[in-house]
Enquirer: 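Shown below is the structure under consideration.
Everything numeric in this text was worked out from a predicted model, so none of it was measured. When reading the values below, keep in mind they use all heavy atoms of this one structure, side chains included, and skip hydrogens, waters and symmetry mates.
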Amino acid sequence: MTRAEFDAVCAPLPGAVLSGPGELDAWKIGGKMFACFGHVDERATNTEHVTVKVTDVETAQMLIDAGVAHKPPYFRGPWVQLTIPQIDADEARHRAAMSYTLVRASLTKKAQAALPPCEEV
């Protein structure tokens with residue numbers, strides 16, 4: 001999976017907007033971030049990563065323990081960091097959709113009503 005492929009997964013999500021470019025590129029829904037990119041991974045030079053929300057802290061820890069994800073710096077709670085070149089395309093699609101759905105559901109009813117309709121993601 002490349003960054004462009006990950007962007008292609010996020011772009012068609014209803015109301016999703018890419019902020020940046022800059023030091024912090026992020027996909028957002030209703031002004032809230034659901035995928036945040038980091039440009040250089042300290043563990044592997046020039047490796048890009050993306051941080052996404054998961055359902056709960058236990059799921060985050062399970063993914064970290066399984067080696068699928070890492071604990072992201074600067075994020076607390078149910079967020080995980082995925083290494084872009086190493087993540088499977090199906091896993092990336094699932095994680096992006098899940099993060100989008102969780103963040104969209106956390107918006108106020110008014111903010112949700114202002115967004116395009118969302119079918120099953």
Enquirer: Would Val80 and Met1 show up in the same hydrophobic cluster when neighbours are defined by side-chain heavy atoms closer than 4.5 Å?
Expert: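 Yes: a chain of side-chain contacts under 4.5 Å links Val80 to Met1.
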Enquirer: Ile87, Leu63: one ILVMFWY side-chain cluster at the under-4.5 Å cut-off?
Expert: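 Result: yes, single cluster for both.
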Enquirer: Which distance, rounded to the nearest 0.5 Å, do you find between the CD of Gln112 and the OG of Ser106?
Expert: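 Going from CD on Gln112 over to OG on Ser106, the span is 8.0 Å.
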Enquirer: Looking at Pro85 and Glu48, what are the two nearest heavy atoms and their distance?
Expert: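 Scanning both residues, the minimum pair turns out to be CD-O, 3.7 Å.
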Enquirer: If you measure from CD on Glu5 to SG on Cys10, what distance do you get to the nearest 0.5 Å?
Expert: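 Rounded to the nearest 0.5 Å, the CD-SG separation comes out at 12.5 Å.
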Enquirer: Nearest 0.5 angstrom please: Arg3 CZ to His49 NE2, how far?
Expert: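 Result: 11.0 Å between the selected atoms.
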Enquirer: Nearest 0.5 Å, what's the CE-OG distance between Met33 and Ser99?
Expert: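 Going from the CE atom of Met33 to the OG atom of Ser99 covers 9.0 Å.
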Enquirer: Flag yes if Met62 and Leu82 sit in one hydrophobic cluster, no otherwise; membership is Ile, Leu, Val, Met, Phe, Trp, Tyr, and two members link when side-chain heavy atoms are under 4.5 Å apart.
Expert: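 Same hydrophobic cluster.
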Enquirer: For Ala96 and Val9, which heavy atoms make the closest approach, and how far apart are they?
Expert: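 Closest pair (atom of Ala96, atom of Val9, distance): CB-CG1, 3.8 Å.
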Enquirer: Please report the interatomic distance CH2(Trp27) to CG(Leu13), rounded to the nearest 0.5 Å.
Expert: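 Between atom CH2 of Trp27 and atom CG of Leu13 there are 8.0 Å.
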Enquirer: For the pair Phe34 and Tyr100, name the ring-plane relationship: parallel under 30°, tilted 30 to 60°, perpendicular over 60°.
Expert: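 Phe34 vs Tyr100 ring planes: perpendicular.
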Enquirer: Keeping to residues at least two apart or across chains, list the salt bridge (charged side-chain N to carboxylate O under 4.0 Å, His left out) pairs with something in residues 94-118.
Expert: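 Sorted pair list: Glu91-Arg95.
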Enquirer: Minimum heavy-atom separation for Val52 to Ala35, with atom names?
Expert: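 For Val52 and Ala35, the tightest heavy-atom pair comes out as CG1-CB, 4.2 Å.
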Enquirer: Heavy-atom distance under 4.5 Å between the side chains of Phe75 and Cys36, does that happen here?
Expert: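 The answer is yes, as the side chains (C-beta and beyond) meet within the 4.5 Å cut-off.
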Enquirer: Is there side-chain contact between Phe37 and Ile84, with at least one heavy-atom pair below 4.5 Å?
Expert: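 They are in contact (side-chain heavy atoms under 4.5 Å apart), so the answer is yes.
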Enquirer: Give the cluster check for Met98 versus Val57: same hydrophobic cluster or not, with ILVMFWY residues linked at side-chain heavy-atom distances below 4.5 Å.
Expert: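 No, separate clusters.
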Enquirer: Could you list the residues that satisfy side chain to side chain donor-acceptor pair (under 3.5 Å) with Thr55, not counting sequence neighbours?
Expert: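 Checked Thr55 against side chain to side chain donor-acceptor pair (under 3.5 Å); matches are Thr59.
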Enquirer: Judged by atom type as modelled, is there a donor-acceptor pair below 3.5 Å linking the side chain of Gln81 to the main-chain atoms of His70?
Expert: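 Side chain of Gln81 to backbone of His70, a donor-acceptor pair under 3.5 Å: no, none is there.
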Enquirer: Side-chain heavy atoms under 4.5 angstrom apart, residues restricted to Ile, Leu, Val, Met, Phe, Trp, Tyr: same cluster for Val17 and Leu115?
Expert: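 No, no single cluster joins them.
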